[in-house]
Structure formats: structure tokens, C-alpha cells
Amino acid sequence: MEFVLTPHPPIHILLRSSPVAAGTAESRAGQVGLGGLAIPRGVLLMASQSPRGDGPYPLSTLRHSVSHLMASAVQSLFPEVKFGFGPSIEHGFYYDFQLSDPLEAKDLKRIEKEMRKIAKRSPELVCAEYTRDQAKDRLARRGQDFKVEAVDEIPADERITFYTHGDWEDLCEGPHIDRLDRSYHFKLQTVAGAYWRGDEGRPMLQRIYGTAFWIKEELEAHLAWLEKVKEQDHRRLGTDLDLFSLHAEAGAGFVFWHPRLGTVRREMEKFWWEEHEKGGYEPVYTPHVSREDLFAISGHLDNYADMMYAPMAIEEIPYRVKPMNCPGHILIYKNRGRSYRELPLRWAELGTVYRHERSGVVHGMMRVRGFTQDDAHVFCTPDQLADEIAGVIELVKTIVSAFGFQFTAYLASRPEEKFIGSEESWESAMKALSKGAECAGLALEPDPGGGAFYGPKIDFKLKDALGREWQVSTIQCDFNLPERFDLNYTDRDGQQKRPIMVHRAIYGSLERFCGVLIEHFAGRFPLWLAPTQVALIPIREEHGDYARELAGLFRRSGMRVDCMDQSAHMNKKIKQAKKDKVPYLLICGEREVAERTVTVATRGESEQRTVPADDFLAAALARVAERALSL
RNA sequence: GCUGCUGUAGCUCAGUGGUAGAGCACUUCCUUGGUAAGGAAGAGGUCAUGGGUUCGAGCCCCAUCAGCAGCUCCA
């Protein structure tokens, strides 16, 4: 298996005074080292055998304490500051501040300097308990409005504690390290805006992110990792490898697929259709533009008008660009009467949809305004529902794991506000999803309130190079659209009954999945996906005929070949082919011509081997046929 | 949408109010080469766009567009 994601460097979890004694190294690390947050993909966690085991507290405690240190430094530099929250997070910590002036990069340097100054005085971190009124009084006297509000939200049965060092005091439940001059290493990283309490309607504070480690080398390794991961960013690779582009002239959030990525996508689609045909799906195609009424019936207009592109009037009738494919599939279903004998119907479409995402959220290929869903709808009877869901889960597993991905699955329940349909229908849909997952042996994380407005769903998420999660696959149970569109089938007993719809996507969006894929492979696509699979490199011009002959043979066999027969130095050709991350470079010189062989330089390997050209071709074709991930 | 930052050649970036720069990539010529930079010459930019200040703007101000980090949101 080739190198995939750049793994996060090892972190020594220091457990000496850890309150948690039992469990595996990994679970302990998850609890005490990373604050109970998800362990990022590729992070290797080890119990402590640190050569400098002088850190008697978990990293999350250290980082939380360093966030206090930072806040006290900000207070001493900007006395008018008001404080928000300042927790430890997955890779570090942050603290939110309200200040009259924006913080800049150079302020971070000043703050770091002040932090070292304060730590040098060796202040102890002292905990004190207060009553609710005392606490509010202490905070109100210092004008800490946000903190006063925070006191109000502490449940009645919880202790209210403050942590103090020097002249700094903060409402905080702890725990903390004992003294701030302990040996550790920190760095302030970025400043960004964040709403107070995560609420768009409330003031925006300035958030400083930073990180801290007990061991200097680990801090350095972490920072080096962040740099390294940038090279895997799909936007960077998209430019370097000539995969895709975005254009101000076209508008934000619209992806232009270049030929090389077009090739990758076509292979993804081929694979997808193969698996869907095996799974009993049939292709459908629906228009990109429909009368607005269609989306009024579906409820999209009520719930998502602000994210739909504005109507266009054609002969005075308003039309909309489709934000979803389901109403189109429903029209096909409704086109004639349906019998129970036909169900389940599984209809699939690579349907391109347009949604006006808010300007701040578009991100490379991951979050865009026009994208192709690998959409399908299953129309089935209530009896068939759990089996259908289990079947979709199996298909998700087959397709997603073919790319070497591991996913996390979430069960998303009814949203608190925007939803349609009865409570009973939501409940039975939740049950069907749980049951389907159980049949397929899929573990589900809860996602309360995360459902679609028309029904609950199972979402599958993948991580990008930085460990940020992106939703790809989704399975959505829908009792509501069949109701709204008055869908029916004639059952065995002659009665008209309501079918259930399952909406599902596996890649989710071709754009997003491909973006995650680029990062996952760091641009080194497996053979079956690689835009160029083989580069033929003749050593001298006189070997060009042989290279061209092989190129023709390989192409006729279905391989994607770059025959580099220009009159350039072979060093240059090799450099070019390696830059393009071509899986196999085939060198053709005097010996190879004479023996009808090729010398194969495999991507990621230093060893080369000389093999008969026909043998190489047969082996490569076999690897493509099995969609192997390794070369 | 919000807060902050950014926008100079295909890419990476210099350029603090007075004639637009470098490296790599590209083109041509020379080099006929056995595994990641052979040599020379050349071409390439309304300094994101639109206003403003100024004798003069890549540089200062305003707006718009786009990008980046984060927050919020994501059928």
C-alpha cells in the first residue's frame, strides 16, 4: 500500500497523575489527552515513555491552562478586554475576546512575549469556590458581561469555581496545571472571528488559536505537520496537477473540471454505475429547470427559498434551477399507476443541482454552488424499508471502501424548527434507519436535530488532509414527500397505499468526494483512477519508434498513456512524469528495444525492474480490472 | 452572511508615491542524453475591477469581485 495521508506525528500522552487508570492506551488518550474529542485520522497515540516525562498533566489540561495564560497576557496588554470562552480543543486551544480594535499577526507576537513574562513570575493556579451571587458580583465588577451570562447557565447543582493566577481570575471548572512556569512549549497560531455562544445573532468576538506541548520536539513536529499537510490540500494539488480550476468570471463555487480530473471522474462514474446495476438500480434523467410549482409542492420553496437560485420567468411562468433531484424522480413515479409487484423501484441519476451557498462557506471542491449528486431514490413498501436501508448501507460500504476510505456514520434526528410531517412518521423512520444499520452491522453516532426537513438520515463523513470532516454519503428516510405528492401503489388487497421514499447518495457530491479523494491520495491516484497511467520515455530519438509502438498497443488495450517522445532530455521527461505523479514510468532504450522489454520505475519505489513489455501490460491491465489501490 | 487577512507573469514571491522585477514553468536554438534542474536567447503583466486623493498611484482612501483562516449555515 502506498503512502496515503501524512500521519500526525506521535504525541506522548503523559499519564503519571492521570485520574484515568484503566483502558487501552488509545482510549485513555482519547479521554485525557484530547479532551474526549475525536482522535484525528492517522494520529498515533502512545502511552507515556517520554524521555522527558516531566509533564504530570494531560495535554488537554496543559492547553487549557495555557489558554488562561494567554487570556491574562491579553488582559495586561489590553485592559478593556472582555472575555468569552477559552477551552482546549483537538490540536490546541483558543480563547475568545471582545476588543475595540482588531488583533493582527504582530499582536500575537506581543501576546506570546507577555505570556512568557507572566509565566516567568511562576504564578500558581489557584482554585476558589463561590456562590452564584458572589461569582456574578466579582465578574460584574470587572465588566465581564459574557462571563456573568455564563454563570447564569451553570446548572444549580454544580459548583461555581474560579481559577486565579497573579492578578488574573477566570470563571472556570478546571482542571489546570499547578504552576505556569512548568516546562512546556506553546505557539499562538491564528486569529479569527467567532460568535459569542456560536450564535449568529450575537456579538462576534475575536478568537486566538494556539497550541501547546510538554515536549519541544512534539510542538515542532506538529507545526511541521501542518506545513506538510498544505501540500496535500486539494486546491494546491488541483493547480499543480492541472486537475480543476475556479474562476472569478464564472462566480464563486463553480468548479471547472480539467481533462485530467475529468478522467478520474469518468472512472468514478463507471465504477458507480457498475455497482448500481448489480444492486438493481435503473438509470433516469431529469431536467435541470422546472416550473417553480414543483418545488412548492415538494416544500423546498418553503424551507430553502433563500438557498435556491432566483426564479426566471419564461412566458410569465416562473421556473427554477433544480436544487434537488427528488421531485423529478417523483414525477416519473406518478406518471402511471404503480403496483406492489413493481416495488421496490430503485432509480439512479448523476444529477447536477445548484444551491446558493452563503459566500463565506464555499471551499475549493468541497463546498460549492453547483454540484453533481450521485442521487437515487428507492420507492418501497413499509415492509421493505429496513431491507432497502441495509442494502444501501452495503452499497455505501462497497463503494467507499474501494477507495480505501474509512468513514464515521451519524444518525441524524428531527430538526427542532424546520420540519414537516407527523411525529409518528419521524419515529418510525428513525426506527427503520436504526434497524437497517443494525442488519448491516453499522455503528451509528448520534446527531441530534441534524435531520433533513422531510425526514431523518444516516450521514457518512470522511476526513480531509487536516482532519476536517466532510459529509459524503447519506441515506434519508422520507415519509413526507410521498404524502405531499400523493404517491400511491396498489397493494395485494387492491387498496391504494402510500410508498416510502429513501433518498440516498454515496459519493454525495462528485465534487466533494473527488476533493477528499485528491487529499486522501495526496494526488497519487491508484492506477485505475490515474489520469495518465503510464509514461513511456525513450532514451534517444531512435528509440521513439519503439515507444510509439508500445503506446499504440497500450492504448488499444485501454491504458491511458503519455508517450514522451519529444526531443528533450530524458532527465527532463522523468522530472515531468514524476511531478505529474504518473504511476509507472517505462524507460525504453537500446537494451529494451532489442529485448522487447521496458524498464519500469514504479511511483514511490526506488527499485526498478526490466520486464517484457507484454508482461507489464498484462499485469497493469489486471490491476486496473481489480481496481487495486496499490501499484 | 459575519470577523480578520490577502489579490503584482502559468506557479512561488520581491517591489513604502516618481519608467514593472526575480526564480521556476513556457517558446526557439545548441546539446543525442541510462533515471528529479546541460547551455544560450526570447516571449509573457490595464499590478483583481471600478471610483477617489495627488503634479504623479502597484503602493494612500472607498466600493465591488475573488481567495484564505475561523464562526454561523449546509435539503
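Chain A is the first sequence line, chain B the second, and so forth, proteins listed ahead of strands; every chain is numbered from 1.
The nucleotide whose nearest atom lies closest to any side-chain atom of Asn571(A) is, among G34(B), U35(B), G33(B), U35(B). Closest contact between the side chain of Ala252(A) and the listed nucleotides A37(B), A66(B), U72(B) involves A66(B). Considering only the side chain of Thr239(A), C11(B) comes nearest among A37(B), C11(B), G1(B). Minimum atom distance to the side chain of Ile574(A) is reached by A36(B), of the listed A69(B), A36(B), C65(B). Side-chain proximity of His300(A) to the nucleotides A75(B), G33(B), C71(B) is greatest for A75(B). Closest to the Val362(A) side chain, of the nucleotides A36(B), G34(B), G67(B), is G67(B). In the set A69(B), A66(B), G34(B), A69(B) carries the atom at the smallest distance from any side-chain atom of Thr190(A). The side chain of Met204(A) sits closest to G70(B) out of U35(B), C24(B), G70(B). Of the candidate nucleotides C11(B), C74(B), U35(B), C74(B) has the atom nearest to the side chain of Arg512(A). In the set G1(B), G34(B), G33(B), G1(B) carries the atom at the smallest distance from any side-chain atom of Ser359(A).
When the side-chain nitrogen and oxygen atoms of His363(A) are compared with OP1 and OP2 of G70(B), none of them lie within a distance under 4.0 Å. Phosphate proximity of A75(B) to Lys457(A): present, with a side-chain N or O under 4.0 Å from OP1 or OP2. Between Lys572(A) and U35(B), a side-chain N or O to OP1/OP2 separation shorter than 4.0 Å is absent.
Taking the ring centroids of Phe485(A) and Tyr333(A), they lie at or beyond the 6.0 Å cut-off. Between Phe405(A) and Phe513(A), the distance from one ring center to the other falls under 6.0 angstrom. The aromatic ring centroids of Phe97(A) and Tyr95(A) lie less than 6.0 Å from each other. Taking the ring centroids of Phe616(A) and Tyr584(A), they lie under the 6.0 Å cut-off.
Nucleotide G34(B) forms a pair with no other nucleotide shown, judged by Watson-Crick or G-U wobble geometry with both contacts under 3.5 Å. For U16(B), there is no paired base (Watson-Crick or G-U wobble, both distances below 3.5 Å). A25(B): no Watson-Crick or G-U partner with both key distances under 3.5 Å is found in any strand. Of all nucleotides present, only G70(B) satisfies the Watson-Crick or G-U wobble test against C2(B), with each distance under 3.5 Å. Under the Watson-Crick or G-U wobble criterion, with both distances below 3.5 Å, A9(B) is left unpaired in every strand shown. Nucleotide G50(B) is matched to C62(B) when pairs are restricted to Watson-Crick or G-U wobble geometry with both distances under 3.5 angstrom. The partner of A43(B) is absent, by the rule that a Watson-Crick or G-U pair needs both atom distances under 3.5 Å. Within the shown strands, nothing qualifies as a pairing partner of A75(B) under the Watson-Crick or G-U definition with both distances less than 3.5 Å.
Judged by ring centres under 5.5 Å apart and planes tilted less than 30 degrees, Tyr304(A) stacks against the six-membered base ring of A75(B).
In this structure, a donor-acceptor pair under 3.5 Å is present between the side chains of Asp464(A) and Trp470(A). A donor-acceptor pair shorter than 3.5 Å can be found between the side chains of His258(A) and Ser245(A).
Taking only distance into account, the side chain of Arg367(A) meets the base of C73(B) through a donor-acceptor pair shorter than 3.5 Å. For U32(B), the base has no donor-acceptor partner in the side chain of His569(A) [N/O atoms by modelled type, under 3.5 angstrom]. For Gln206(A) against G70(B), no side-chain N or O and base N or O form a donor-acceptor pair under 3.5 Å. Remark: the Tyr195(A) side chain and the G1(B) base include a donor-acceptor N/O pair separated by less than 3.5 Å. Residue side chain Gln608(A) reaches the base of U35(B) through a donor-acceptor N/O pair under 3.5 Å, judged by distance alone.
Counting non-hydrogen atoms under 4.0 angstrom, Pro323(A) reaches a base of the nucleic acid. Residue contacts shown for Arg197(A) are absent, as no nucleic acid heavy atom lies under 4.0 Å away.
Comparing Leu585(A) and Arg207(A), the nucleotide of RNA chain B nearest to each residue sits closer to the 5' end for Leu585(A). The residue among Thr599(A) and Arg235(A) whose nearest nucleotide of RNA chain B is located toward the 5' end is Thr599(A).
Counting non-hydrogen atoms of neighbouring residues, nucleotides and ligands closer than 6.0 angstrom, the CD atom of Glu590(A) reaches no more than 12 such neighbours.
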Determine whether Glu511(A) and Phe244(A) satisfy the following criterion, side-chain contact (heavy atoms from CB on, under 4.5 Å), listing intermediate values before the conclusion. CA-CA 10 Å; Glu511(A) 283 75 4; Phe244(A) 71 94; over 6 Å; no
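Taking atom C1' in both C47(B) and C59(B), one finds a spacing of 10 Å when rounded to whole Å. If you take atom C1' in G38(B) and the same atom in G33(B), they sit 10 Å apart, rounded to whole Å. For the C1' atoms, the distance from U72(B) to G1(B) is 8 Å, rounded to whole Å. If you take atom P in C73(B) and the same atom in C26(B), they sit 47 Å apart, rounded to whole Å.
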